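Read through the structure below, which is laid out as C-alpha cells, and then see the notes.
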Amino acid sequence: MHRLLFIMIILLLAPFAGAVGASHWVHTTEADFKKGTLHNAVATNLGDIKLSRAVKTILEQDPDVSAVYSMAQTPDGTIYAGTGPHGVLLRIKDDKVTQAYHPEGASNIFSLIVDSKGRLLMGTGGEKGQILRLDPADAAKGKAKGRAKAEPKVEEVFSAEGVQYIWAMTQTPDGNLYAATGPNGQIFEIKPDGSHSVLIDSDENNILSLISDGKDTLYAGTDPNGLIYRINRKTKGLFVLYDAAESEVSTLALDSKGNLYAGTAEASEPAAAPHPDEGAKEKAGRPEGTGGVPIPSQPPEAPAPPKLPDPAPNEPNPIPKAKFMIGQHLRTGYMLLADDNPDDPNNPTPAPPAPGQPNPGKQKPNPAKPGTTPPANPNQPQPPEPIDFGKPRAEGNAIYKIDPEGFVHEIFRQPVMVLSIIERGGVLLVATGSEGLIYQVDPAAEETSVLAKVDPNQVLCMLPTADGRILLGMANVGSIASMSSGYATEGSFVSPVLDATQISRFGKFRMHGSLPRDTTLTVATRSGNVQDPERAGWSSWSEESAAQEYIQVAAPSARFLQYRLSLTSKEGKETAVIDEVDVAYQMPNLAPVVKAVKVGDKLAAALE
C-alpha cells in the first residue's frame with residue numbers, strides 16, 4: 001500500500017517536471033520602442049527605430065527665459081525670438097544669441113512678424129497687451145556712425161482697453177495689420193496710419209491663431225470652444241467652419257490649393273478628486289509589463305515557400321543574416337536556445353505579441369501663467385521656474401484639413417499638443433508638446449512619420465530660415481535649436497528593463513531592418529538581478545557586436561536584461577532602420593517542491 005502512495009505522488013508531480021521551452025521578448029511597435037531611452041533617435045509610428053534629423057542647440061539656457069513663443073527673420077538674415085516670462089527679445093546672428101530688447105511692463109512676447117517694410121512687430125502679453133515696432137535698420141545705421149552700442153528704436157503700434165494678450169498677428173497686402181487677442185476674444189484691424197478698430201468681437205475668451213489668404217479672407221482659431229472662423233475682413237462677415245472636439249485651436253496653415261490645416265492643443269488640468277455628486281468613471285488601460293511572451297500552440301505544417309532572392313527586392317540593404325547550426329537543424333526564423341528541441345511539439349516557435357497602443361503624452365504649457373522663483377543666491381542668476389503644465393486630453397489632439405468647399409478631414413491624431421505647423425508643397429511639419437516630437441504629415445499619401453525628438457518636451461514654435469534650416473523654439477528650458485534636413489551622425493536606443501521573472505539564460509538576439517551603405521549598427525547587452533540598472537550589481541555593457549540578423553546575447557544569466565542599439569551615419573544622408581527586435585531567454589528546470597500531501601479517507605482506510 002505504501003508503494004501505491006509513492007506512485008500516486010510521482011504521477012501528481014510529473015506534469016511539473018517537463019522541459020521548459022524558450023520565451024521571447026519581442027519589440028516591433030512604436031509603443032514597444034517608446035518605453036526605452038532614445039538619444040538622437042526616434043521611434044516612429046511605423047514601428048521602427050532610426051536616427052533622428054540632425055538637431056543643433058543654439059541656446060541651452062538663459063536665466064531670463066523659460067519659453068520661446070515666437071520667431072521671425074528680418075531681410076538682413078537676423079533672427080529674433082520672443083520669450084517669457086520676462087518679455088525678453090532675443091537676437092540670433094550666426095547662431096550667436098544676445099538680448100536685443102526688453103519691453104517695459106511685458107512679461108511675454110507671444111507673437112512676432114516682419115512687416116512689408118522689413119520692420120519687426122512684437123505682440124506682447126501681460127497686464128497690458130501691445131504691438132511694438134522695432135526697426136533693425138536703425139541699429140545698423142547707429143553702428144555705421146561709430147556708436148558701439150546702438151539701442152533700437154521701438155514704438156507702440158497698438159494697444160486697447162481690456163486687451164492683455166496679442167496671441168497672433170498677420171498683415172495683408174494692403175498694409176493692414178490684424179491682431180488676435182485675449183482675454184475677450186477680439187480681432188483688431190490696425191490701419192497703416194495707426195488707427196484701429198474691432199473687426200470681430202467674438203463670444204470666445206481668446207483668439208489663439210490667425211492667418212490670411214493674402215486677399216480678403218482671414219481664418220482664426222479660438223479658445224475655449226475650439227472654433228475655426230472664416231472672416232471676410234471687408235464685410236466683417238463671420239462663419240464657423242468647424243467646431244472641433246478640442247477646446248483650443250492653437251495653430252493654422254494654408255496650402256496653395258486653399259486647404260486650411262488647423263491644429264489643436266487642449267490640455268486637461270491634473271486629475272482631482274471627483275465631486276461627491278459625480279459617479280466614478282473608470283478608464284480601460286492596457287498592461288505595461290515587459291515580461292515574456294507565452295508560447296502559443298504549434299501551427300500546422302505548411303509547405304515550404306519558394307526561395308526568395310537575398311536580399312528581397314523590396315528590402316534593400318537588410319541587416320546581415322547569420323546562420324547558426326543547432327544539432328542537425330538550421331533555423332532561420334525565431335532562434336531557439338542550444339538545448340531546445342525544434343521537433344518537440346510542446347516547444348513551438350512563438351509568435352510576436354499583438355501591437356499595443358502608444359502612451360498618452362504628458363504635459364502642455366500654460367503661457368498665461370508663468371512664474372519665477374527668487375534666486376537662492378542673489379548674486380547668481382537662476383533659471384526661471386518651469387511653466388505650469390497640465391496633462392493632454394486623453395483622446396489626444398488633432399490636425400483637421402478643411403478643403404475650399406468646407407469639408408473637414410482629420411489627418412492627424414496623437415497624444416500630444418499640436419503647437420506649430422509649417423506647410424510646404426502640401427506636406428506638413430508639425431511641432432508638438434508633451435514628448436518634444438517633430439512630425440512630418442503627408443495628407444495626400446496618408447503618411448505620418450517622426451523626424452526628431454528634442455529633450456525640452458515642448459516645441460512651441462518653428463521658423464523656416466533663409467539657409468534651409470528649421471529653427472525650434474522650446475519650453476520648459478526655454479532653448480532654441482536648429483534642425484537640418486540630414487540625419488544625426490550618431491544616436492542610440494536603450495531598451496526598457498526586461499524582466500524574465502526569475503534567473504534565466506539568454507539566447508539569440510534577432511534583428512530585422514535595413515543597413516544602408518555608410519551607416520553602422522551595433523548591439524550591446526547587460527543584465528542584473530535588481531530591477532534598477534543604475535544600482536550596483538548589474539554587469540557592465542558587453543562588447544559592441546556588429547549588426548547581424550542573429551547575435552548571441554553576451555550578458556550573463558540573470559533575471560533582468562537590457563539591450564542597447566548604437567547607430568551611426570557617416571555623412572548624415574542615410575540611417576539604419578530597425579523594425580523588429582526579438583530576444584530569446586530560457587528559465588531553468590526547477591526541482592518540484594512538495595508542500596503537503598493529503599490522503600483521502602478511503603485511501604487511508606485501504607492503507608491500514
Side-chain angles (χ1 to χ4, degrees), residues 69-75 82 110-123 129 131 133 157-158 160 163 165-182 185-202 204 206-223 227-242 248-263 399-406 408 418-426 428-429 461-464:
Y69 293 113
S70 54
M71 291 184 289
Q73 186 170 25
T74 52
F110 287 128
S111 52
L112 291 175
I113 65 169
V114 176
D115 70 10
S116 57
K117 296 182 179 180
R119 299 171 297 187
L120 185 71
L121 300 177
M122 296 176 279
I131 297 178
R133 184 166 59 211
V157 173
F158 166 81
V163 172
Y165 314 115
I166 311 294
W167 296 115
M169 298 180 289
T170 189
Q171 190 176 39
T172 51
D174 58 5
N176 285 355
L177 179 65
Y178 295 88
T181 71
Q186 298 167 308
I187 298 176
F188 286 84
E189 181 180 71
I190 301 107
K191 298 284 188 179
D193 63 6
S195 62
H196 66 264
S197 60
V198 175
L199 178 71
I200 293 296
D201 191 353
S202 75
E204 298 289 276
N206 296 284
I207 307 295
L208 296 179
S209 49
L210 185 66
I211 194 170
S212 167
D213 70 346
K215 300 176 183 177
D216 292 336
T217 302
L218 301 176
Y219 298 95
T222 78
D223 158 75
L227 303 179
I228 302 170
Y229 292 151
R230 183 179 65 205
I231 303 158
N232 186 309
R233 65 189 184 95
K234 297 296 185 181
T235 66
K236 298 188 178 182
L238 182 150
F239 180 75
V240 176
L241 279 176
Y242 190 60
E248 297 184 13
V249 178
S250 53
T251 180
L252 297 170
L254 273 169
D255 67 18
S256 59
K257 297 179 181 179
N259 296 303
L260 177 70
Y261 302 93
I399 297 175
Y400 299 103
K401 176 184 177 181
I402 307 175
D403 67 26
E405 295 183 26
V408 181
V418 180
L419 301 175
S420 181
I421 298 175
I422 295 174
E423 186 278 332
R424 286 181 168 180
L428 307 181
L429 199 63
C461 62
M462 296 186 293
L463 174 70

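Remember, predicted model here, so these are calculated numbers, not experimental data.
- Screening Leu120, Leu177, Leu121 for a side-chain contact (heavy atoms from CB on, under 4.5 Å) with Asp115, the sole residue that qualifies is Leu121.
- None of Asp201, Ile207, Val163, Ile131 except one satisfies the side-chain contact (heavy atoms from CB on, under 4.5 Å) rule with Phe188; the exception is Val163.
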Return all side-chain donor-acceptor pairs below 3.5 angstrom for residues 190-200, not counting sequence neighbours, or 'none' if the list is empty.
residue	atom	partner	partner atom	Å
Asp193	OD1	Ser195	N	2.9
Asp193	OD1	Ser195	OG	2.7

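- Judged purely by atom type and a 3.5 angstrom limit, Thr170 has no side-chain atom pairing as donor or acceptor with the backbone of Ile211.
- Applying the ring-ring contact (aromatic ring centres under 6.0 Å, His included) criterion to Tyr242, with sequence neighbours excluded, gives Tyr400.
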Could you walk me through whether Arg230 and Thr217 pass side-chain contact (heavy atoms from CB on, under 4.5 Å), step by step?
CA-CA 7 Å; Arg230 183 179 65 205; Thr217 302; 3.6 Å; yes
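- Not a single donor-acceptor pair under 3.5 Å links the side chain of Thr172 to the backbone N or O of Asp216.
- Residues Asp174 and Arg233 have side chains in contact (heavy-atom distance under 4.5 Å, counting atoms from C-beta outward).
- A 4.5 Å side-chain heavy-atom check between Glu204 and Tyr229 finds at least one atom pair inside the cut-off.
- Across every non-hydrogen atom of Asp213 and Tyr219, the tightest pair is CB-CE1, 4.4 Å.
- Note: Tyr165 and Phe110 have perpendicular aromatic rings, judged against thresholds of 30 and 60 degrees for the angle between ring planes.
- Under the side chain to side chain contact (heavy atoms under 4.5 Å, CB included) criterion, Pro464 pairs with Ile422, Arg424, Ile470, not counting sequence neighbours.
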